[in-house]
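Inspection log for the structure reproduced underneath, given as structure tokens.
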Number of protein chains: 2
Amino acid sequence: MSGKKRLMTIKDIALQTGLSKGTVDRVLHNRGEVSKQSYEKVMRYIEESGYTPNVHASLLASGQSHRIAALLPNHEPGSFWELFQNGLDKAEENLHGLGLSILRFGYDQYDIDSFRAACDELLASAPDGVVTAPLFLNDTTVLARRLQEAGIPYVYIDSKLEDDGYMAYFGTARYQSGYLCGYLLADDRPVNQAVIVRIRRDKNRLSDPTVTRRAGFMDFMLEYAPDCRISNLFIDPNDPEDIRKELEAFFDAHPDVRHIAMFNSRIHLIVDFIERRGLQDQCRIIGFDNLASNVEALKRGTVTRLIAQRPAEQVVMAIQTLSDKILFKKDPVHRDHYLPMDILTRYNVDYY
Amino acid sequence: MSGKKRLMTIKDIALQTGLSKGTVDRVLHNRGEVSKQSYEKVMRYIEESGYTPNVHASLLASGQSHRIAALLPNHEPGSFWELFQNGLDKAEENLHGLGLSILRFGYDQYDIDSFRAACDELLASAPDGVVTAPLFLNDTTVLARRLQEAGIPYVYIDSKLEDDGYMAYFGTARYQSGYLCGYLLADDRPVNQAVIVRIRRDKNRLSDPTVTRRAGFMDFMLEYAPDCRISNLFIDPNDPEDIRKELEAFFDAHPDVRHIAMFNSRIHLIVDFIERRGLQDQCRIIGFDNLASNVEALKRGTVTRLIAQRPAEQVVMAIQTLSDKILFKKDPVHRDHYLPMDILTRYNVDYY
DNA sequence: TTGAATTCCGTGCACGGGCACGGAAAATAT
DNA sequence: ATATTTTCCGTGCCCGTGCACGGAATTCAA
């Protein structure tokens with residue numbers, strides 16, 4: 001039922017080289033206090049015998065439980081960040097029993113002080129690895145520097161900073177996702193008018209992930225439908241009445257617009273209006289991210305396509321990368337990982 | 001750097017219950033020779049303390065290296081089955097050092113004798129788990145029975161048999177993928193004529209994975225475009241001349257057909273003809289699976305959409321499931337796993 | 001030449017759990 | 001009552017690696 005092939009051990013190496021396992025161990029871990037000839041004898045034997053240390057024994061002997069910290073915005077139910085929490089849950093399952101646990105640190109994504117507090121908490125907990133999504137650019141840079149100083153590996157998800165110390169990044173290609181959005185919106189048909197619905201922002205210090213998408217979108221349209229008139233419509237996500245009024249005003253003024261795109265995860269905010277006005281069968285509407293409310297609208301047919309970016313998978317892969325590093329000292333082959341942009345329709349969304 | 005929180009051990013349980021670790025161990029493994037009251041005392045304590053055995057210690061003490069067998073058709077370069085081999089390679093990385101290895105058994109998918117020989121080889125190697133894609137239905141059933149008798153867990157990928165013994169299945173929903181194919185082909189536009197390109201088969205004993213897809217496709221068309229005339233065109237995949245002739249004859253007879261679908265992975269077989277005839281900009285062509293040659297045609301714009309079914313991921317997840325079972329005795333929560341049907345366009349295919 | 005510092009290396013315990021062995025206590029037989 | 005079986009349980013070694021400790025061999029200083 002189990003393997004006949006007993007793997008090579010440190011003791012075997014010791015026997016073969018005429019040294020003790022203590023010495024072999026010092027060689028394996030570059031811990032010095034070994035003569036040059038002993039060092040080379042061991043190294044040579046290891047090379048040609050292809051010895052691999054037994055992970056279980058190693059972990060058992062050296063490790064207690066390690067901890068990975070996740071620093072993400074608080075996840076209101078049905079929000080974008082909740083999708084990431086699902087990934088955390090899934091990742092935790094796999095870690096269970098490997099002596100790894102996850103510490104979660106949350107903050108209010110609109111309150112920079114709460115973010116700073118969370119950073120302090122995180123550092124105080126002295127984790128063995130960190131996964132985070134950079135929202136506050138400056139303060140995340142500060143955090144990154146402090147993590148580097150402490151020698152704690154950290155992984156970015158969703159978006160990344162260009163500091164030089166992060167171990168890996170998992171996310172999607174922003175520009176290309178906007179380009180794709182244009183492709184799906186136009187869909188090989190002529191488009192004369194389109195509208196982009198945007199969030200009205202007070203100039204806070206948050207990075208705006210949609211600018212790059214918008215750029216990709218505009219470039220596609222420039223190339224494919226240079227004469228298309230593209231309007232920008234601003235709404236307040238927290239004020240349904242404002243949303244209704246803005247949309248109403250817009251569609252009264254532009255009754256022929258049949259193409260709508262939104263570059264954040266809030267496409268669900270406009271479906272109510274669309275359905276009430278009876279536009280759902282005539283409009284082509286593209287949004288991002290598979291929030292429950294977005295998916296509902298997609299299945300009803302009001303939203304035409306959703307572009308999703310595998311948030312849970314980002315988290316799972318990030319944690320996987322960290323645990324490889326922490327437990328097995330394995331470094332990732334690539335640093336930047338651009339995950340697929342999934343195209344969701346009403347007929348395949350159930351399988352995501 | 002590492003955890004303060006020392007996890008609970010068997011010794012702790014022994015101390016708390018006033019028994020020895022030997023007894024606790026007997027309880028944990030249902031090995032009998034324990035009085036009812038001792039058994040319950042231990043069980044109760046375990047319940048309320050949430051004890052989890054240390055996987056590493058357990059594996060170190062009990063296990064040598066285990067092996068997982070993969071039984072798949074030989075993978076000619078650029079073929080459908082090569083995508084699965086990529087998954088095997090990826091899975092092998094993760095297993096390295098966990099005391100798990102993969103044994104690969106190949107066979108000629110058109111030669112049932114080679115399949116039988118591979119089965120015998122596989123069984124002779126006495127693996128701890130098996131992953132396979134059922135092509136020869138009857139003979140896979142035989143294999144399944146023999147594996148059950150030997151107590152070896154096995155996982156299906158790509159498609160599954162309805163025997164009761166498999167541990168898990170990873171694949172896509174066939175019918176729905178065909179339905180989706182129809183949706184993408186019609187794409188909210190009226191369709192009067194369409195053609196399905198099929199492989200001319202001699203009646204061999206292979207299961208035909210495309211029948212179910214075809215059913216889904218037809219049902220979609222029936223609902224959405226009941227008046228559409230759908231032709232079936234048969235080609236010999238190994239005879240380029242035959243392909244050319246058949247297509248030519250068809251399009252001479254039906255010059256207005258602009259919608260083409262193919263339910264196997266061979267859509268690349270027809271792109272040559274399409275491009276030579278200059279139809280690429282007028283046709284809507286939907287195919288399956290991201291073979292290199294298919295992806296090329298997609299990026300050139302000849303193929304409109306590809307529906308892919310994550311073959312590598314199927315393998316990775318199957319092996320993951322098996323190793324969880326073998327190493328940690330963890331059973332999968334669900335048995336059947338329907339993976340997403342990815343919609344590939346020229347603008348997102350690079351990220352898969 | 002002797003003592004001290006340095007370099008190098010072997011021994012042995014620990015990690016947490018699996019499991020064989022043997023022995024004490026209880027139950028049954030004689 | 002003792003002998004014999006059965007039931008139950010504790011002890012101790014093993015898995016392969018990490019690492020502290022102490023000691024031998026060598027070098028250097030005096």
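Convention: sequence-line order gives letters A, B, ...; per-chain numbering from 1.
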Query raised in the report: What does the inter-axis angle of the helix from C:dT1-D:dA30 to C:dA29-D:dT2 come out as, five pairs per end, nearest 10 degrees?
Result: 60°

Query raised in the report: Are A:Ser58 and D:dG16 close enough that a side-chain N or O sits under 4.0 Å from OP1 or OP2?
Result: no

Report task. Measure from NZ on A:Lys21 to C1' on D:dC15 and round the result to the nearest Å. Result -> 12 Å

Requested in this report: Check the angle between the aromatic planes of A:Phe84 and A:Trp81 and answer parallel, tilted or perpendicular using the 30° and 60° thresholds.
Outcome: tilted

Query - Qualifying residue for ring pair (Phe, Tyr, Trp, His ring centres under 6.0 Å) with A:Tyr156, from A:Phe170, A:Tyr166, A:Tyr169 - result: A:Tyr166

Query - Ion pair B:Arg31/B:Asp25, N-O distance below 4.0 Å - result: yes

Query raised in the report: Roughly, in whole Å, what's the span from NE2 in B:His29 to P in D:dC8?
Result: 20 Å

Requested in this report: Just say parallel, tilted or perpendicular for the rings of B:Phe115 and B:Phe136, cut-offs at 30° and 60°.
Outcome: tilted

Query raised in the report: Between B:Gly22 and B:Leu60, which is nearer to the 5' end of DNA chain C once each is assigned its nearest nucleotide?
Result: B:Leu60

Query - Salt-bridge present (A:Arg104, A:Glu92; N to O < 4.0 Å) - result: yes

Query raised in the report: For A:Asp12 and D:dC15, what is the distance between atoms CG and C1' respectively, to the nearest whole Å?
Result: 13 Å

**Report entry** Contact residues, residues 32-48 of chain B to DNA chain D [heavy atom, < 4.0 Å]
**Finding:** B:Glu33, B:Val34, B:Ser35, B:Ser38

Query raised in the report: A:Leu59 has an atom CG; how far is it from atom P of D:dC15, in whole Å?
Result: 20 Å

Query raised in the report: What's the CG-P distance between B:Asn30 and C:dC19, to the nearest Å?
Result: 13 Å

Report task. Check if the side chain of A:Arg31 and the base of D:dG18 share a donor-acceptor pair of N or O atoms closer than 3.5 Å. Result -> no

**Report entry** Rounded distance in Å - CZ (A:Arg26) to C1' (C:dT11)
**Finding:** 11 Å

**Report entry** Gap between atoms NE2 and P, on A:His56 and D:dC15 respectively (whole Å)
**Finding:** 16 Å

Query raised in the report: Of the nucleotides C:dG16, D:dC19, C:dG10, which one has an atom closest to the side chain of A:Thr23?
Result: C:dG10

Query raised in the report: Whole Å only: how far is the CG atom of A:Asp25 from the P atom of D:dC21?
Result: 16 Å

Report summary line: For residues 49-58 of chain A, the salt bridge (Lys or Arg N to Asp or Glu O under 4.0 Å) pairs (sequence neighbours left out) are none

Query raised in the report: Should A:Lys21 and A:Asp12 count as an ion pair when the cut-off is N to O under 4.0 Å?
Result: no

Query - Test salt bridge (charged side-chain N to carboxylate O under 4.0 Å, His left out) applied to A:Asp331 - qualifying residues, sequence neighbours left out - result: A:Lys325

Query raised in the report: Tell me the salt bridge (Lys or Arg N to Asp or Glu O under 4.0 Å) pairs involving residues 43-63 of chain B, sequence neighbours left out?
Result: none

Report task. Ignoring backbone atoms, test whether B:Ser20 places a side-chain nitrogen or oxygen under 4.0 Å from the OP1 or OP2 oxygen of D:dG10. Result -> yes

Requested in this report: Classify the nucleic acid contact of B:Leu19 as base, sugar-phosphate or nothing, counting any heavy atom under 4.0 Å across all strands shown.
Outcome: sugar-phosphate

Query raised in the report: Who passes salt bridge (charged side-chain N to carboxylate O under 4.0 Å, His left out) against A:Glu313, sequence neighbours left out?
Result: A:Arg310

Query raised in the report: Contact class for B:Ile10 (heavy atom, under 4.0 Å): base, sugar-phosphate, or nothing?
Result: sugar-phosphate

